[in-house]
Amino acid sequence: MEQTISIKQRISEVLAGDPLFQVIQDTPTEHIILSEPYLDELIEKKYYSTPEVAGWFEVTDAQLRYYIKPFEEYLFDGAATNPSTSTIIRLDFKAILKLRMILLLKDEYRVKGLKRLLCINEDGHVIKQTTSEVTAPKDFESRMDTLSQALAQIMQTGLFQIEQDETTQQSQLILNEDLLQQKIKTIPPETSQKIADIQVVTEQLQKENQELKEKIDEVITSNKNDIAIRIREKHLEQAVLNRLENEALERYAAEKKWRPFGKLFRSMHIEIEKKQYIATYIEENFSEQLSQALHEYHEHLVE
């Protein structure tokens, strides 16, 4: 008889060495992974359908399938024994845990960022590496904070000032040469080498400041683009659903031509059958048509 797993210890064993698990360790996300209510129902040797898993994660089946598609090789470890088909997807214990991490990290990393963390190439294959190190966002934030503190300390000396370029409207760090010359005159000749060293450090800080500004601008632009794309993708999903419902109604009306009196007495049965017909039709066609619509939309963006 199958037994419910001992969850915290088993999750740590199953996900040991997993790149996404390394990212969430020692963060609030790790607590979520280890303590969600659905884990009490989870049996390790059992497979679960996408509607079941979507209900646990409070997303739609379509949303769940959307995030399964780019990560199939990662989720299923290339296992030929997985009972999934072209229309029905079955998820085991390990795949469910991996998929949950993807959903929890998707807003922070996006699909492209998650693929980079998992070393997934353009063909959807996981590239095996002998040594790898996952760099979390907190490392970037720490470097930014260090540079900001260094810049603030330099500004306090009065040797630099921030000016705005009239042509590009960009802020630049400018050396206060007048003050520098005054300081140089008060320094003994034997410290000239130290001054040269300071100038080298100053130039390096100016370069790092410019690189930091460029990275911040890239992040802001990327966030704006991602929001617009997500809104458009949501509209595409709804448009595909509406189109499939209309097609299903037309097909149903063409196939089920009840006589007037028969319709009167069987209206409840017809309504139930119609809903079942529409639901089946959407399930069979939604994934493919949504994938095609999203593919065409993203190709248009690239163009």
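Asn285 places a side-chain N or O within 3.5 Å of a backbone atom of Tyr281 that can act as its donor or acceptor partner. Although no hydrogens or angles enter the test, the distance criterion places no donor-acceptor pair under 3.5 Å between the side chain of Thr29 and the main chain of Gln25. With hydrogens and angles disregarded, no donor-acceptor distance shorter than 3.5 Å links the side chain of Glu108 to the backbone of Leu105. Between the side chain of Glu245 and the backbone N or O of Asn242, no donor-acceptor pair lies under 3.5 Å. The closest donor-acceptor contact from the side chain of Glu73 to the backbone of Val126 lies under 3.5 Å.
Residues Asp61 and Pro51 approach most closely at OD1-N, 3.5 Å, considering heavy atoms. The shortest heavy-atom contact between Ile33 and Ile11 is O-CD1, 3.7 Å. In terms of heavy-atom proximity, Leu117 sits nearest to Pro19 at O-CB, 3.6 Å. Contact record, Ile43 with Tyr48: N-OH, 2.8 Å, taken as the closest heavy-atom pair. Across Glu44 and Val14, no two heavy atoms sit closer than the pair OE2-CG2, 4.5 Å.
Relative orientation of the Tyr74 and Phe71 rings is perpendicular, given thresholds of 30° and 60° on the angle between their planes.
Atom CZ in Arg65 sits 9.5 Å away from atom OG in Ser291 (nearest 0.5 Å). Atom CZ of Arg251 and atom CG of Asn246 lie 12.5 Å apart (nearest 0.5 Å). Between the CD atom of Glu41 and the NZ atom of Lys46 there is a distance of 9.0 Å, given to the nearest 0.5 Å. Separating the CG atom in Asn121 from the CD1 atom in Ile127 is a distance of 4.5 Å, to the nearest 0.5 Å. Here the CG-CG distance, from Leu99 to Leu75, works out to 5.5 Å after rounding to the nearest 0.5 Å. Put simply, CD on Gln210 and NZ on Lys215 are 12.0 Å apart, with the number rounded to the nearest 0.5 Å.
With salt bridges taken as basic N to acidic carboxylate O contacts below 4.0 Å, none links Lys45 and Asp92. With salt bridges taken as basic N to acidic carboxylate O contacts below 4.0 Å, one links Arg100 and Glu36. Taking the charged nitrogens against the carboxylate oxygens, Asp18 and Lys94 have no contact shorter than 4.0 Å, which rules out a salt bridge.
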After noting the C-alpha distance and the side-chain angles of Tyr38 and Phe57, does the key distance pass the ring-ring contact (aromatic ring centres under 6.0 Å, His included) rule? CA-CA 9 Å; Tyr38 80 90; Phe57 296 164; 5.3 Å; yes
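Between Ser49 and Glu52, the side chains place a donor N or O and an acceptor N or O closer than 3.5 Å (distance only, hydrogens not considered).
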